[in-house]
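Computed from heavy atoms alone, side chains included, the values below leave out hydrogens, waters and symmetry copies. Position 1 is the first residue of the sequence, and the numbers go up from there. Nothing here was measured: the structure is a model prediction, and the numbers come from that model.
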Amino acid sequence: MHMNVAPHLLTEDRAEYERVLDDALSTAHARPDLAGAGTRLTLAQLRSLTLNATTLVTSAAASEYDHFVKVREQHRAALGARAPVSTDRPGPGAGVVAIFTVLVPVLAGAAAVIFLLVGAVLHAMAPTVAFGATLLTAGLVFGAVAAAGLLCAAAGLLVTALRNSPAEVSAGGLLVGPDDELTRAREAWRSALLERGILPFLRDVLAATAPPPGPRAPETPPTSPTP
């Protein structure tokens, strides 16, 4: 389907324009000002006419669209400055630390289980033998090491999650989502596009295709009563 794109409407926003149009057409039956949609002209015909008039329709919301594009570019620039893409490979130290963080709790936990089981068995069979108590003590020590390793791993995950959080600190010190202004700008453009562009165009098209009023029936002269 051919669509004339307005000079200021970027390619990435064509789908959004069509979504606003489809939403308007899907609720046309509930709008008294769009009476005739689906009868005088089908919804597919109205959609095709509106797409072919994209330049005219989108120009009605040009100021809101320019603001939306400006905010979006600023948002993308801020994201790029805050999280630059790095092509450098991580150093060997980072890999060693990650492996150490994962392996220590696993190995310490396994050792703790083995020492505790063997120590418990020896202590039950020969309570007077000191080796069983030694194994139990070693098992407790390795259990503490495993617990400490798990706590360190959990703390590392928490720090990574906070570091990658998309929230930004505003001038007042409050955490503000970076998408708030972008969302408001997008919704303002969508609203202006619908109210000042799409709906008036659909009303004009339906009014232009309305059937002309039929000729008035000639008046019949009154008949005089028969004497």
Side-chain angles (χ1 to χ4, degrees), residues 1-85 161 164-172 174-218:
M1 178 181 297
H2 177 68
M3 181 173 65
N4 297 324
V5 181
H8 63 274
L9 187 62
L10 301 178
T11 303
E12 62 184 299
D13 297 317
R14 298 180 191 179
E16 189 71 19
Y17 169 72
E18 294 189 20
R19 277 193 292 269
V20 178
L21 172 59
D22 292 337
D23 291 342
L25 293 175
S26 65
T27 58
H29 62 280
R31 297 178 181 271
D33 54 340
L34 296 183
T39 56
R40 293 197 297 268
L41 288 175
T42 65
L43 297 182
Q45 290 173 325
L46 290 173
R47 187 177 191 274
S48 178
L49 290 172
T50 310
L51 291 179
N52 288 330
T54 301
T55 302
L56 174 65
V57 174
T58 56
S59 63
S63 60
E64 288 80 4
Y65 180 70
D66 291 340
H67 177 66
F68 164 57
V69 172
K70 180 180 178 181
V71 172
R72 183 172 60 189
E73 292 301 323
Q74 292 175 348
H75 174 62
R76 290 174 177 174
L79 288 179
R82 187 172 66 248
V85 178
N164 295 333
S165 176
E168 293 179 345
V169 180
S170 65
L174 299 177
L175 291 178
V176 180
D179 291 337
D180 290 346
E181 185 179 2
L182 180 61
T183 300
R184 289 194 297 268
R186 179 187 292 109
E187 291 304 318
W189 171 55
R190 286 172 55 93
S191 178
L193 181 63
L194 176 66
E195 299 297 334
R196 299 205 307 264
I198 293 176
L199 291 180
F201 180 80
L202 293 176
R203 286 194 293 266
D204 292 343
V205 170
L206 291 173
T209 58
R216 297 178 58 184

Original post:
Is a salt bridge present between Arg184 and Glu181, judged by a nitrogen-to-oxygen distance below 4.0 Å?
Top reply: no

Subject >> Spacing of His75 atom NE2 and Leu182 atom CG [to the nearest 0.5 Å] >> reply: 5.5 Å

**OP:** With the side chain counted from C-beta on, respond yes when Leu46 and Phe201 share a heavy-atom pair under 4.5 Å apart, and no when they do not.
**Re:** no

Original post:
Within a strict 4.5 Å, meaning less than it, do heavy atoms of the Thr50 and Val205 side chains meet?
Top reply: no

**OP:** Classify the ring geometry between Trp189 and Phe68 as parallel (under 30°), tilted (30 to 60°) or perpendicular (over 60°).
**Re:** parallel

**OP:** Over all heavy atoms of both residues, which pair between Leu43 and Ala37 is shortest? Give the atoms and the distance, please.
**Re:** CD2-CB, 4.3 Å

Original post:
If you measure from CG on Asp23 to CG on Leu194, what distance do you get to the nearest 0.5 Å?
Top reply: 8.5 Å

Subject >> Check: Lys70 and Asp66 side chains under 4.5 Å, non-hydrogen atoms >> reply: no

Original post:
Just by modelled atom types, is the Ala30 backbone N or O under 3.5 Å from a matching donor or acceptor in the Thr27 side chain?
Top reply: no

**OP:** Kindly say whether Asp22 contributes a backbone atom to a donor-acceptor pair with the side chain of Ser26 at under 3.5 angstrom?
**Re:** yes

Original post:
Is the closest side-chain heavy-atom distance between Arg47 and Glu18 below 4.5 Å?
Top reply: yes

Original post:
Within the distance-only criterion (no hydrogens, no angle test), does the side chain of Thr39 pair as donor or acceptor with the backbone N or O of Gly36 below 3.5 angstrom?
Top reply: yes

Original post:
How about Leu199 and Leu34: do any of their side-chain heavy atoms sit closer than 4.5 Å?
Top reply: yes

Subject >> Residue pair Thr42 / Gln45: nearest heavy atoms and the distance that separates them >> reply: N-OE1, 3.0 Å

**OP:** For Ala24 and Ile198, work out which heavy atoms get closest and say how close.
**Re:** CB-CG2, 4.1 Å

**OP:** Flag the pair Leu193 / Glu64 as yes when at least one side-chain heavy-atom distance between them is below 4.5 Å, and no otherwise.
**Re:** no

**OP:** Search all heavy atoms of Ala185 against all heavy atoms of His67 and return the closest pair with its distance.
**Re:** CB-CD2, 3.9 Å

Subject >> Spatial distance of atom OG1 (Thr58) from atom CG (Leu56) [nearest 0.5 Å] >> reply: 8.0 Å

Original post:
What's the spacing between Leu21 CG and Leu51 CG if we round to 0.5 Å?
Top reply: 5.5 Å

Original post:
Is the shortest distance from a Lys or Arg side-chain nitrogen in Glu16 or Arg72 to a carboxylate oxygen in the other one below 4.0 Å?
Top reply: no

Subject >> Any donor-acceptor N/O pair, Arg40 side chain to Ala207 backbone, under 3.5 Å >> reply: no

**OP:** Output the distance between atom CG (Asp33) and atom CG (Leu206), rounded to the nearest 0.5 Å.
**Re:** 9.0 Å

Original post:
Roughly how far, to the nearest 0.5 Å, is the CZ atom of Arg190 from the CG atom of Asp13?
Top reply: 11.0 Å

